[in-house]
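Note that the structure is a prediction, hence the values are computed from the model and not measured. All values below were derived from every heavy atom in this structure, side-chain atoms included, with hydrogens, water molecules and symmetry-related copies excluded.
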Amino acid sequence: AFARRREIYRNWRRRHNLMRHHTATHLLNASCRELLGNHIWQAGALKEADKAHLDITHFKRLTTEEIKKIEILVNKRIQENLEVETEVLERGKAEQKFGFRIYQGGFVPGKILRLVKVKGLDVQACGGTHIARTGEIGAFKILKRENVRDGVERITFSVGIPAIEFTQASEEKLRMTAEILGIQEQKIVESAG
């Protein structure tokens with residue numbers, strides 16, 4: 001009985017992390033559009049339990065400063081604890097009400113669309129599972145940025161406990177590097193020059 005409960009909990013934790021990453025993808029896409037411009041369009045995405053990525057259309061490589069601003073904005077949206085709701089509409093009505101930006105994740109087949117709405121930020125036709133409020137996401141951390149092809153940037157990120165674990169691992173590498181070099185962590189950059 002204990003093993004069964006542990007397995008159910010492990011499965012729920014994995015599913016909940018997927019839901020958080022899925023909802024965070026909507027926040028990331030909306031934040032990129034807000035900071036970088038209306039030309040931002042989702043060009044692909046992948047969600048896993050411990051990390052996810054979003055591919056966006058953009059005409060140049062994202063700078064370190066832009067990545068920092070995007071990360072801060074997503075975390076602000078999480079802290080606002082915005083409502084995430086779904087609505088089912090006939091395709092024509094959905095397009096009239098929200099426009100074609102609802103197809104950020106690509107074309108959705110069928111005459112009836114399930115729309116996922118992050119209150120005041122984003123509306124997309126989406127069949128994925130989501131959390132009820134953005135505050136459930138917890139922490140949001142961008143792990144890396146890479147160029148996938150001309151005009152498409154990939155942002156890999158993590159949320160919740162996996163995001164904190166990534167940050168802790170990075171801090172540990174910094175501490176170990178300082179220890180090996182025999183200097184204080186705050187002086188690593190100065191010592192490298």
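In this structure, Asn17 and Val159 have side chains that are not in contact, with every pair of non-hydrogen atoms separated by 4.5 Å or more. Two residues are said to be in side-chain contact when any heavy atoms from C-beta on lie closer than 4.5 Å; Glu171 and Arg175 fail this criterion. A 4.5 Å side-chain heavy-atom check between Arg145 and Glu153 finds at least one atom pair inside the cut-off. At least one side-chain heavy atom of Leu27 sits less than 4.5 Å from a side-chain heavy atom of Leu121. Looking at Leu35 and Leu73, their side chains come closer than 4.5 Å, going by heavy atoms from C-beta outward. Using a 4.5 Å cut-off on side-chain heavy atoms (C-beta onward), Glu146 and Thr156 make contact. Residues Gln104 and Trp41 are in side-chain contact: their nearest non-hydrogen atoms beyond the backbone lie under 4.5 Å apart. Side chains of Glu85 and Leu115 form no contact here, defined as non-hydrogen atoms less than 4.5 Å apart.
In this structure, the side chain of Gln124 does not engage the main chain of Cys126 through any donor-acceptor pair within 3.5 Å. With hydrogens and angles ignored, the 3.5 Å screen pairs a side-chain donor or acceptor of Glu71 with a backbone N or O of Ile142. Looking only at distances, a side-chain donor or acceptor of Ser158 sits under 3.5 Å from a matching main-chain atom of Ala163.
In this structure, the separation between CG on Leu62 and SG on Cys32 is 6.5 Å, given to the nearest 0.5 Å. Expressed to the nearest 0.5 Å, how far CD1 of Ile137 lies from CZ of Arg20 amounts to 8.5 Å. Taken from CZ in Phe157 to CG in Leu28, the straight-line distance is 5.5 Å, to the nearest 0.5 Å. Summarising the geometry, atom CG belonging to Asp50 is positioned 9.0 Å from atom CG belonging to Leu143; distances are rounded to the nearest 0.5 Å. Between atom NZ of residue Lys93 and atom CZ of residue Phe98 there is a gap of 13.0 Å, rounded to the nearest 0.5 Å. Distance CZ/Arg101 to CG/Asn38: 5.0 Å, rounded to 0.5 Å.
Using bins of under 30°, 30° to 60° and over 60° for the plane-to-plane angle, the ring pair His39/His58 lands in the parallel bin.
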Next item on the list: Take Arg77 and Val118, measure what side chain to side chain contact (heavy atoms under 4.5 Å, CB included) needs, and give me the verdict at the end.
Entry: CA-CA 10 Å; Arg77 300 296 189 223; Val118 179; over 6 Å; no
Next item on the list: Determine, step by step, whether Thr129 and Arg15 satisfy the side chain to side chain contact (heavy atoms under 4.5 Å, CB included) criterion, reporting the C-alpha distance in whole Å, the side-chain angles of both residues, the deciding distance to 0.1 Å, and the verdict.
Entry: CA-CA 9 Å; Thr129 56; Arg15 182 177 169 89; 3.4 Å; yes
Next item on the list: Could you walk me through whether Val116 and His22 pass side chain to side chain contact (heavy atoms under 4.5 Å, CB included), step by step?
Entry: CA-CA 11 Å; Val116 173; His22 206 134; over 6 Å; no
Next item on the list: Determine, stepwise, if the pair Glu87 / Lys117 fulfils salt bridge (Lys or Arg N to Asp or Glu O under 4.0 Å).
Entry: CA-CA 8 Å; Glu87 180 179 358; Lys117 302 187 290 184; 2.6 Å; yes
Next item on the list: Kindly determine whether His21 and Glu48 satisfy side chain to side chain contact (heavy atoms under 4.5 Å, CB included), including the steps that lead there.
Entry: CA-CA 7 Å; His21 279 107; Glu48 298 175 21; over 6 Å; no
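When only modelled atom types and interatomic distance are considered, Asn81 and Gln79 share no side-chain donor-acceptor pair under 3.5 Å. Remark: the Asn11 side chain and the Arg14 side chain contain no N/O donor-acceptor pair separated by less than 3.5 Å. For the residue pair Glu95 and Tyr103, a side-chain donor N or O sits within less than 3.5 Å of a side-chain acceptor on the partner.
Hydrophobic clustering (side-chain heavy atoms under 4.5 Å, transitive across Ile, Leu, Val, Met, Phe, Trp, Tyr) groups Ile40 together with Phe140. Phe100 and Leu89 fall within a single hydrophobic cluster, where Ile, Leu, Val, Met, Phe, Trp and Tyr are joined by side-chain heavy atoms under 4.5 Å apart, directly or via other members. Note on Ile155 and Val152: separate hydrophobic clusters, where clusters join Ile, Leu, Val, Met, Phe, Trp and Tyr whose side-chain heavy atoms are under 4.5 Å apart, directly or indirectly. Residue Val108 is not grouped with residue Ile112 when hydrophobic side chains (ILVMFWY) are merged at heavy-atom distances under 4.5 angstrom, including chains of intermediate members. Clustering ILVMFWY residues whenever any of their side-chain heavy atoms sit less than 4.5 angstrom apart, transitively, puts Ile183 in the very cluster that holds Leu174.
In terms of heavy atoms, Val74 sits closest to Ser31 at CG2-OG, 3.5 Å. Among all heavy-atom pairs drawn from Ala49 and Pro162, the shortest one is O-CG, 4.2 Å. The two residues Gly138 and Ile78 come nearest to each other via the heavy atoms O-CG2, 3.2 Å.
Each of Glu136, Lys47, Arg133, His130 was evaluated against Thr23; a single residue qualifies, His130, per the side chain to side chain contact (heavy atoms under 4.5 Å, CB included) test.
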